Amino acid sequence: MNNNLTSKSIFFGSWLGVLSGAILGAGTGAISGTWNGVTVAAIIGAISGIFTGALTGALVTRTAGTTGGVSTGAYSGMAFGAFLGLICGMFVPESFRLKVLELDVLILNVIFSGRFEAAILFSFLFSVLATAVGAWIGGRNLMRRDVENLKTNHP
């Protein structure tokens, strides 16, 4: 695979991951109803978005290459994001989970009632993030085929 394409995809994926992660984090933090929740979740989303975007960019370049397109990038990102989010969600510190439960917001009490629920939330959020990054990178890396040249050279 083209090393230049991989490095460009990793760089672009990390920037796209930061932006998407911050937006997803801020939206998730808004559930808390506090500015601190929005800010902290946006920062956590941006930091995790850097790594998720970079890894998704590398994976999509490997799976989709220049011929896979948007769908291959989206599905690769979706599967990878769900797996990575599940792994990260399993390691959410208990102190963080208890701090969220102290807010006493009904939806947050349900989402963070146990490790399993928190891991599923992270899996979903990472999957959304990596799907968006993967689709964008897969579409960006897609090379046009010269259909006219194929028609004239094929018997």
Side-chain angles (χ1 to χ4, degrees), residues 1 3 5-142:
M1 188 55 52
N3 252 352
L5 182 64
T6 304
S7 62
K8 284 182 180 179
S9 296
I10 290 171
F11 182 73
F12 184 71
S14 62
W15 278 107
L16 193 58
V18 166
L19 294 175
S20 302
I23 292 169
L24 276 172
T28 305
I31 296 172
S32 71
T34 65
W35 281 110
N36 282 343
V38 173
T39 306
V40 168
I43 291 169
I44 291 171
I47 291 170
S48 62
I50 290 172
F51 299 111
T52 305
L55 292 172
T56 303
L59 178 70
V60 168
T61 303
R62 179 79 175 145
T63 58
T66 58
T67 59
V70 174
S71 294
T72 305
Y75 288 127
S76 297
M78 187 184 305
F80 173 70
F83 176 73
L84 183 65
L86 191 63
I87 298 299
C88 291
M90 287 183 347
F91 296 108
V92 170
E94 192 67 19
S95 60
F96 178 77
R97 203 175 64 74
L98 292 175
K99 278 289 197 191
V100 171
L101 291 174
E102 283 178 7
L103 294 172
D104 200 29
V105 176
L106 179 62
I107 188 70
L108 291 176
N109 290 345
V110 172
I111 292 173
F112 283 96
S113 63
R115 284 196 175 279
F116 176 76
E117 290 84 358
I120 294 301
L121 173 68
F122 277 73
S123 180
F124 171 72
L125 292 174
F126 275 58
S127 180
V128 169
L129 172 69
T131 301
V133 171
W136 201 322
I137 290 176
R140 189 172 185 244
N141 291 346
L142 184 64

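Because the structure is predicted, anything quoted here is derived from the model rather than measured.
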Problem - Heavy-atom donor-acceptor pair, Ser48 side chain to Gly45 backbone, under 3.5 Å - result: yes
Exercise for the section: Please report the closest heavy-atom contact between Ser123 and Ala82, naming both atoms and the distance. Expected result: OG-O, 2.9 Å
Problem - Side-chain (Thr39) to main-chain (Asn36) donor-acceptor, under 3.5 angstrom - result: no
Fill in the blank from the handout: Nearest heavy-atom contact between Arg115 and Val92 is NH1-O, 3.0 Å
Exercise for the section: Please examine the side chains of Phe112 and Leu121, heavy atoms only from C-beta on, and report whether any two atoms are closer than 4.5 Å. Expected result: yes
Handout entry: Closest non-hydrogen atom pair, Ala64 against Gly73
Key = CB-N, 4.4 Å
Problem - Taking every non-hydrogen atom, the tightest pair across Phe126 and Cys88 - result: CE2-SG, 4.1 Å
Practice task
Give, for atom CD1 of Ile137 and atom OG1 of Thr72, the distance between the pair rounded to the nearest 0.5 Å.
Solution key: 13.5 Å
Handout entry: Where Gly114 and Arg97 come nearest, the two heavy atoms and their spacing
Key = N-NH1, 3.6 Å
Fill in the blank from the handout: CG (Leu5) and CD1 (Ile10) are apart, to the nearest 0.5 Å, by 10.0 Å
Practice task
Evaluate whether atom CZ of Phe12 has more than 12 neighbouring non-hydrogen atoms of other residues, nucleotides or ligands under 6.0 angstrom away.
Solution key: yes
Practice task
Enter the distance from Thr6:OG1 to Leu59:CG here, rounded to the nearest 0.5 Å.
Solution key: 11.0 Å
Practice task
State the CG-CD distance between Asn109 and Glu117, to the nearest 0.5 angstrom.
Solution key: 11.5 Å
Practice task
Give the C-alpha distance, both sets of side-chain angles, the deciding distance and a yes or no for side chain to side chain contact (heavy atoms under 4.5 Å, CB included) between Asn141 and Ser9.
Solution key: CA-CA 8 Å; Asn141 291 346; Ser9 296; 3.0 Å; yes
Problem - Any donor-acceptor N/O pair, Ser113 side chain to Val110 backbone, under 3.5 Å - result: yes
Problem - Contact check, side chains of Phe83 and Ile87, non-hydrogen atoms, under 4.5 Å - result: yes
Practice task
Show your working on side chain to side chain contact (heavy atoms under 4.5 Å, CB included) between Val128 and Phe124 and close with a plain yes or no.
Solution key: CA-CA 6 Å; Val128 169; Phe124 171 72; 3.8 Å; yes
Problem - Ser14 side chain to Gly53 backbone, donor-acceptor under 3.5 Å - result: no
Exercise for the section: Using the six-membered ring wherever Trp is involved, compare the ring planes of Trp15 and Phe11 and label them parallel, tilted or perpendicular (cut-offs 30° and 60°). Expected result: perpendicular
Fill in the blank from the handout: CD1 (Ile31) and CD1 (Ile111) are apart, to the nearest 0.5 Å, by 5.0 Å
Practice task
Report the distance from atom CD of Glu94 to atom CG of Leu101, rounding to the nearest 0.5 Å.
Solution key: 8.5 Å
Practice task
Give a yes or no on whether the backbone of Leu24 and the side-chain of Thr28 come within a donor-acceptor separation of less than 3.5 Å.
Solution key: yes
Completion exercise
Residues Gly77 and Ala130: closest non-hydrogen pair is O-CB, 3.0 Å
